[in-house]
Amino acid sequence: MVTLSDVRDRVRQDLSDTASQRWPDDQLERHIAHALGELSLAIPREQAATIATTAGSRDIAIGEFEGMLEVEAVEYPVGEFPPAYAGFSVWGSTLALHLDTAPDGAEARVHYTATHSLDEEDSTLPEHLVDILVTGASAYAALELASATTGTLNLDPEASEHYAAWARARLTAFRQLLHTYGRKNRVRSRRLYVPA
């Protein structure tokens with residue numbers, strides 16, 4: 001399982017800063033968090049939670065779903081084959097089921113997307129996404145350095161432009177990877193329903 005330290009070390013390798021001379025850990029962690037946020041929006045975790053409904057109510061509280069981005073589907077009742085998907089709407093932290101008859105307290109399964117997490121102990125990132133994250137984080141770090149070195153005295157007067165060009169190339173690669181592997185580019189089946 002990859003950790004924040006592992007990702008930080010890999011970003012340092014890409015930046016040729018293994019001795020930590022240019023970027024302190026907190027700066028790199030800020031760039032990693034920035035890239036992780038973008039990666040989470042493009043390639044989120046796919047989660048499902050089974051939750052009891054309240055008898056006589058069509059509303060389900062979903063505020064406790066950690067890192068939730070979007071509800072994709074709601075299965076109600078649970079356990080049928082093929083699955084019985086109910087129409088729904090979301091407002092704030094409340095999901096409203098669009099059913100003719102209010103639930104009787106049976107369980108519903110909410111399928112949703114969520115952000116990825118990464119800390120010093122563990123991560124929700126699968127290995128194939130780590131290189132994408134490293135690409136994005138190193139691009140943001142190089143952009144910061146290019147900006148910081150603009151107009152400063154340097155042995156290489158074109159250093160800022162070199163960093164900026166390298167950063168732009170990495171950022172382009174990062175965004176192309178997000179586009180290629182992003183969830184929005186996959187074919188997904190959907191069902192339309194008439195709202196109440």
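The figures here come from the full heavy-atom set of this structure, side chains too, leaving out hydrogens, waters and symmetry mates. Quantities reported herein were computed from a predicted structural model and do not represent experimental measurements.
Side chain of T53 to backbone of A106: a donor-acceptor contact under 3.5 angstrom is found. Counting only distance, with no hydrogens or angles, the side chain of R12 and the backbone of W23 share a donor-acceptor pair below 3.5 Å. Checked by atom type and distance alone, the side chain of D6 pairs as donor or acceptor with a backbone atom of T3 at under 3.5 Å. In terms of modelled atom types and a separation under 3.5 Å, the side chain of R45 and the main chain of T115 share a donor-acceptor contact. Judged by distance alone, with hydrogens and angles left aside, the side-chain atoms of R8 form no donor-acceptor pair with the main-chain N or O of L28 at under 3.5 Å.
With no hydrogens or angles considered, a side-chain donor-acceptor pair links T124 and H116 at under 3.5 Å. Side-chain polar atoms of S89 and H98 form a donor-acceptor pair below 3.5 angstrom.
Atom CD1 in I51 sits 8.5 Å away from atom CD1 in I62 (nearest 0.5 Å). Note that CG of D9 and CG of D17 are 11.0 Å apart. Values are rounded to the nearest 0.5 Å. With rounding to the nearest 0.5 angstrom, the NE2 atom of H179 is 11.5 Å from the CD1 atom of I43. For the atom pair CD of E66 and OH of Y112, the computed distance is 8.5 Å after rounding to the nearest 0.5 Å.
A114 and P44 make their closest contact through O-CB, 3.4 Å (heavy atoms, listed as atom of the first residue, atom of the second, distance). Heavy-atom minimum distance, E75 versus H111: OE1-NE2, 3.5 Å.
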In sequence, state the C-alpha distance, the side-chain angles, and the governing distance for L133 and I32, and then conclude on side chain to side chain contact (heavy atoms under 4.5 Å, CB included).
CA-CA 7 Å; L133 175 62; I32 291 167; 4.3 Å; yes
Verdict with supporting geometry, L41 and L178, side chain to side chain contact (heavy atoms under 4.5 Å, CB included):
CA-CA 9 Å; L41 291 175; L178 294 183; over 6 Å; no
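Of the residues listed (V130, T135, L129), the one engaging I132 in a side-chain contact (heavy atoms from CB on, under 4.5 Å) is L129, and it is the only one.
In this pair, F174 and Y140 present their aromatic rings perpendicular. The plane angle is above 60°, beyond the 30 to 60° band.
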